[in-house]
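As a basis for the values below, the full set of heavy atoms in this structure was taken, side chains included, without hydrogen atoms, waters or symmetry mates. Residue numbers start from 1 in every chain, and the chains themselves are labelled A, B, ... in the order their sequence lines are given, proteins ahead of strands.
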2 protein chains.
Amino acid sequence: MFSIGQLSKATGVKVPTIRYYEEIGLLPQPGRNAGNQRRYGQDGMDALGFIKHARDLGFSLEDIKALMGLDGHLGDDCAEADRIARSQLANVRDRIRKLQQLASELERISHLCDGGNGGCCKVLTALGDHSQCAGDHS
Amino acid sequence: MFSIGQLSKATGVKVPTIRYYEEIGLLPQPGRNAGNQRRYGQDGMDALGFIKHARDLGFSLEDIKALMGLDGHLGDDCAEADRIARSQLANVRDRIRKLQQLASELERISHLCDGGNGGCCKVLTALGDHSQCAGDHS
DNA sequence: TCTTGATGCTCTAGTGACTAGAGGCCCTAC
DNA sequence: GTAGGGCCTCTAGTCACTAGAGCATCAAGA
């Protein structure tokens, strides 16, 4: 049996976050000891590990709820898990593409003023004027 | 003179968002007509355009506040604007790097189950087990 | 057994950057 | 004059936490 603090250390999820997950129904309510403190078993540890890993992979808590609801089921559920994972992948790829456009735009803007201070703040001008931009970020 | 709705259409910033920007002191309070409705001039349009573009580039409202406070000043302020832009660039590059790790991890997980349903939900297993991961995402 | 400091509990409120809705006022075109 | 759209303020909700208050409990050492 683990205390909430031990669980926190083991998984890298902060204590208030664990309580928050419980509050929103993502983690099942654990048992309590005589002093009303939470006591977790291996299943609690596994569930939190699953959540942590999925969060690190960028899944929303809503997605994770769906994925956890599916666990242990068969057939269609697997297709659903796959669908969620693929949609998350598409989402991530899209974010990468957008960020790459931003990076090149920011690079362009940064090069306008190379640290000196001779007649610059073209940085501010560039920020104010989208029409100067090459790509279609946003 | 523009109404808030016209400003919204012209800049692509939603009406409640414009009011929000005003509320937090990012946009100066505009004049009002006899019926207490906001009326903006070209300066308001320019300021909102600046904010919009900077937001699209991923700057936080806090950053934008700093950048706008600097505008029109000299010397050090330019260096400061440059510093903010560069730090934003570093930030964006870092996010790209992390997302690329996530994408490759998600690709790996997605390939575990190619839509079929024969003994799969290795997707769920993979999500639960970080030790299977190649890279050091998170 | 007592004490001390860490850890735990609940509850409320705050973060950033909006978004939604209620309930009412104003403006413009017909 | 009226209809409808736009505008006003205010409150509350979103997501995924984070911080703090004020108190209870636990484990280790004296």
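Here B/Q42 pairs with B/F2, B/M45, B/D46 under the side-chain contact (heavy atoms from CB on, under 4.5 Å) rule; sequence neighbours left out. Take B/K9 and apply the side-chain contact (heavy atoms from CB on, under 4.5 Å) test, not counting sequence neighbours, and it matches no residue. Residues satisfying the side-chain contact (heavy atoms from CB on, under 4.5 Å) test with B/S60, not counting sequence neighbours, are B/E62, B/D63. Here B/E107 pairs with A/R93 under the salt bridge (charged side-chain N to carboxylate O under 4.0 Å, His left out) rule; sequence neighbours left out. Take B/R97 and apply the salt bridge (charged side-chain N to carboxylate O under 4.0 Å, His left out) test, not counting sequence neighbours, and it matches B/D94.
Protein chain A contacts DNA chain D over a range whose 5' and 3' limits, counting nucleotides with an atom under 4.0 angstrom from a non-hydrogen atom, are D/dA16 to D/dC26.
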Tabulated below should be each protein N or O lying under 3.5 Å from an N or O of nucleotides 1-4 of chain C; please produce it.
none

Give me, pair by pair, the N or O atoms of the protein and of nucleotides 25-30 of chain C that are less than 3.5 Å apart, along with how far apart they are.
from, atom 1, to, atom 2, distance (Å)
C/dC27, OP1, B/G35, N, 3.1

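Taking a 4.0 Å limit (strictly below) on heavy-atom distances, residues 3-10 of chain B does not reach DNA chain C anywhere. At a non-hydrogen distance threshold of 4.0 Å, B/K14, B/T17, B/Y20, B/Y21 from residues 13-27 of chain B come into contact with DNA chain C.
Rounded to 10 degrees, the angle separating the terminal axes of the helix from C/dT1-D/dA30 to C/dC30-D/dG1 is 10°, with each axis obtained from five end pairs.
Between the P atom of C/dT15 and the CD atom of B/E62 lies a distance of 11 Å, rounded to the nearest Å. Rounded to whole Å, the distance from CZ on B/F59 to P on C/dA17 is 13 Å.
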For residues 13-22 of chain B, which side-chain donor-acceptor pairs fall under 3.5 Å, sequence neighbours excluded?
from, atom 1, to, atom 2, distance (Å)
B/E22, OE1, B/R38, NE, 2.8

